[in-house]
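Let me begin by presenting the structure, written as structure tokens, before commenting on it.
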Amino acid sequence: MQIIGMPGALCRASKLVLTELSDEARRRLDVLERVELEKARGLTVADACGVVGITRPTYYRWKSRLDRHGPKGLEPVSRRPKHLRRRSWNPWLVMHVKQLRKQYGWGKEKLTPLLRDEGFTVSESTVGRILSRLIHRGEVPVSPLVQAWKNGRRSSVSRPHAMHMPKGFKARLPGDL
């Protein structure tokens, strides 16, 4: 049965087995059908979109995807870039970072000046990225201090802030307060 007043793409989409679509695509298809029904009742596109709860540009974007690609065009599209920036680390630099980390066990703040002394022009952030990649691959161990901090076992030596002195306390030596 064809619904009069509906665009052909919506009619074809309604005949499609909806189990083939994701939940988000089914929701978008339902929204488009509701906008078309509101338009058939005499509302403008902007008013119909307002009743349904989407913006007018969203309606036209989804409608054009439906017209071009059919119901599969309503599937959510990834926004991740197709071409990502490649790492441009010098292999010698990675080798030196790995060697210094194993030798000293230090972090990026202390390793960066050592690498600069060896002739590398490198930033602290780059050394940190290299270290995190080496740790992720298991080539260098995680610093024990960082390991304890990530596990939530911070030192409980910290002084409580603004404590009252006990009642009747008298300072006898300098530094008692």
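Count residues from 1 along the sequence.
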Side chains of Lys98 and Lys102: does their closest heavy-atom pair fall under 4.5 Å? yes
Determine whether more than 12 heavy atoms belonging to other residues, nucleotides or ligands lie under 6.0 Å from atom CH2 of Trp92. no
Working for salt bridge (charged side-chain N to carboxylate O under 4.0 Å, His left out), residues Asp30 and Arg27: CA-CA 5 Å; Asp30 181 50; Arg27 187 188 70 77; over 6 Å; no
Could you list the donor-acceptor pairs under 3.5 angstrom formed between side-chain atoms of residues 125-132 and any protein atom two or more places apart in sequence or on another chain?
unit_1	atom_1	unit_2	atom_2	d
Thr126	OG1	Ser123	OG	3.0
Ser132	OG	Gly128	O	3.3
Ser132	OG	Arg129	O	2.9

Would you say the side-chain atoms of Arg101 pair up with the backbone N or O of Gly107, donor to acceptor, closer than 3.5 Å? no
Find the distance between CZ (Arg26) and CG (Leu74) and round it off to the nearest 0.5 Å. 12.5 Å
Cut-off 3.5 Å, no hydrogens considered: what does the side-chain donor-acceptor table look like for residues 45-58, sequence neighbours left out?
unit_1	atom_1	unit_2	atom_2	d
Asp47	OD2	Thr44	OG1	3.1
Thr55	OG1	Thr58	N	3.4
Thr55	OG1	Thr58	OG1	2.7
Thr58	OG1	Arg61	NH2	3.4

Give the table of side-chain donor-acceptor pairs shorter than 3.5 Å for residues 109-120, with sequence neighbours excluded, one pair per line with atom names and distance.
unit_1	atom_1	unit_2	atom_2	d
Thr112	OG1	Lys108	O	2.6
Arg116	NE	Val122	O	3.1
Arg116	NH2	Val122	O	3.0
Glu118	OE1	His96	ND1	2.8

Going through the distances and angles, do Arg34 and Glu38 end up as a salt bridge (charged side-chain N to carboxylate O under 4.0 Å, His left out)? CA-CA 6 Å; Arg34 286 189 292 158; Glu38 294 297 329; over 6 Å; no
Test side chain to side chain contact (heavy atoms under 4.5 Å, CB included) on Val97 and Val140 and set out the steps. CA-CA 10 Å; Val97 169; Val140 294; over 6 Å; no
Are Val77 and Tyr60 connected in a single hydrophobic cluster, I mean Ile/Leu/Val/Met/Phe/Trp/Tyr linked by side-chain heavy atoms less than 4.5 Å apart? no
Point-to-point distance, once rounded to the nearest 0.5 Å, from CH2 of Trp62 to CZ of Arg65: 9.0 Å
Given side chains that start at C-beta, do those of Glu36 and Tyr59 come closer than 4.5 Å, heavy atoms only? yes
Glu75 side, atom CD; Asp23 side, atom CG - distance, nearest 0.5 Å: 9.5 Å
